[in-house]
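What follows is a structure written as structure tokens; I'll ask about it next.
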Amino acid sequence: MIMQAVLNASDVRQHWSQFNDDVVREGPRFVKRNRDEWAALSSEHLKAAFATFIFEATIIQEDDGTCTASLVDFDIVENSDTEEEALELVADELIEYANEYQDNFNLYFHSPNRHDQFPYIMNVLVQENQEDVKGLIKCLAGEK
């Protein structure tokens, strides 16, 4: 990895408050402990790092007048009376799935069909609320 200065975990532990201040005010830091390497970054930096990972949804007007919203490349499909309600349900389901992904991280991250979802999941997890998550969903024209 190309990293500026890799800090020793023992030094980070000894200067924990300063380390946290540096991460938030000056930018990400990289730490090494034995063979493990990790990065520390603020929520603001994390949000910026994953900002381009947005979701595409297809909206379909059903014959019964309801709307079905489906996320492309995700197994999330919701149906409701209006497009707005369907997207709210999709956002709720996306939040639930992101939390499930985090709760079962090793399983999901190492699953071939879910590994590439990681940056999208991170983008969901750094959002403040359901409305922010809903803002990550861009609608494509659906077919009837």
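What you are looking at is a predicted structure, and each value in this text was computed from that prediction instead of being measured.
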Review point. Side-chain contact, heavy-atom cut-off 4.5 Å: Tyr97 with Ile121?
Key: yes
Practice item. I would like to know whether Thr68 and Thr58 meet side-chain contact (heavy atoms from CB on, under 4.5 Å); could you show each step before the answer? Key: CA-CA 8 Å; Thr68 299; Thr58 301; over 6 Å; no
Exercise for review: Measure the spacing between CZ of Arg33 and OG of Ser10 and express it to the nearest 0.5 Å.
Suggested key: 8.5 Å
Exercise for review: Taking atom CG of Asn113 as the centre, report whether more than 12 heavy atoms of other residues, nucleotides or ligands fall under 6.0 Å from it.
Suggested key: yes
Review point. Who pairs with Glu131 by salt bridge (charged side-chain N to carboxylate O under 4.0 Å, His left out), at least two apart in sequence or on another chain?
Key: none
Review point. Any idea which heavy atoms bring Ser42 and Val23 closest together, and the distance?
Key: N-CG1, 3.7 Å
**Study point:** Atom of Ser80, atom of Ala86 and distance for their closest heavy-atom approach
**Key:** CB-N, 3.7 Å
Check your understanding: Can you list the residues that meet the ring-ring contact (aromatic ring centres under 6.0 Å, His included) rule with Phe19, with sequence neighbours excluded?
Key -> Trp16
**Study point:** side-chain contact (heavy atoms from CB on, under 4.5 Å) between Tyr101 and Tyr120, worked out
**Key:** CA-CA 11 Å; Tyr101 192 108; Tyr120 296 91; over 6 Å; no
Exercise for review: Might you point out which heavy atoms bring Val133 and Leu94 nearest each other, and give the distance in Å?
Suggested key: CG1-CD2, 4.1 Å
Check your understanding: For the atom pair CG (Asn20) and CZ (Arg29), what is the distance rounded to the nearest 0.5 Å?
Key -> 11.0 Å
Review point. Same hydrophobic cluster for Val77 and Ile60, using side-chain heavy-atom links shorter than 4.5 Å among ILVMFWY?
Key: no
Exercise for review: Measure the spacing between CD of Glu62 and CD1 of Ile59 and express it to the nearest 0.5 Å.
Suggested key: 10.5 Å
Review point. Taking only residues at least two apart or on different chains, which pairs with a member in residues 92-119 satisfy salt bridge (charged side-chain N to carboxylate O under 4.0 Å, His left out)?
Key: none
Exercise for review: Could you grab the distance from atom CD of Gln61 to atom CD of Glu83, nearest 0.5 Å is fine?
Suggested key: 8.5 Å
Exercise for review: Decide yes or no for Asp132 and Asn129: does some side-chain heavy atom of the first lie under 4.5 Å from some side-chain heavy atom of the second?
Suggested key: yes
Point to revise | Derivation of the side-chain contact (heavy atoms from CB on, under 4.5 Å) call for Met122 and Leu46 | key: CA-CA 8 Å; Met122 289 303 299; Leu46 193 61; 3.8 Å; yes
Practice item. Might you confirm whether atom CD of Glu44 has over 12 heavy atoms from other residues, nucleotides or ligands at distances under 6.0 Å? Key: no
Check your understanding: Is there a path from Phe74 to Leu89 through hydrophobic residues (I, L, V, M, F, W, Y) whose side chains come within less than 4.5 Å of each other?
Key -> no
Check your understanding: Phe50 versus Val126: any side-chain heavy-atom pair under 4.5 Å?
Key -> no
Exercise for review: Would you check if the side chain of Asn123 reaches a backbone N or O of Pro119 as a donor-acceptor pair within less than 3.5 Å?
Suggested key: no
Point to revise | SB check Glu56 Lys138 (cutoff 4.0 Å) | key: no
Revision key, fill the gap. Glu88 meets the salt bridge (charged side-chain N to carboxylate O under 4.0 Å, His left out) criterion, sequence neighbours left out, with Lys134
Review point. Which pair of non-hydrogen atoms, one from Ala49 and one from Phe53, has the smallest distance, and what is that distance?
Key: O-CE1, 4.3 Å
Practice item. Return yes when atom CD of Gln14 has more than 12 non-hydrogen atoms of other residues, nucleotides or ligands closer than 6.0 Å, and no otherwise. Key: yes
Check your understanding: So which pairs with a foot in residues 9-24 pass salt bridge (charged side-chain N to carboxylate O under 4.0 Å, His left out), sequence neighbours left out?
Key -> Asp21-Arg25
Check your understanding: Do you know which two heavy atoms are closest between Val124 and Ala98, and how far apart they sit?
Key -> CG1-CB, 3.6 Å
Check your understanding: With hydrophobic residues grouped by side-chain heavy-atom distances under 4.5 Å, do Leu7 and Val24 end up in a single group?
Key -> no
Point to revise | From Gln117 atom CD to Ser111 atom OG, the distance as rounded to the nearest 0.5 Å | key: 9.5 Å
Check your understanding: Side chain of Asp81, backbone of Thr66: donor and acceptor closer than 3.5 Å?
Key -> no
Point to revise | Which residues share a ring-ring contact (aromatic ring centres under 6.0 Å, His included) with Phe109, sequence neighbours left out | key: Phe105, His115, Phe118
Study note, to complete from the structure: Taken to the nearest 0.5 Å, the spacing of Leu125 CG from Asn99 CG works out to 6.0 Å
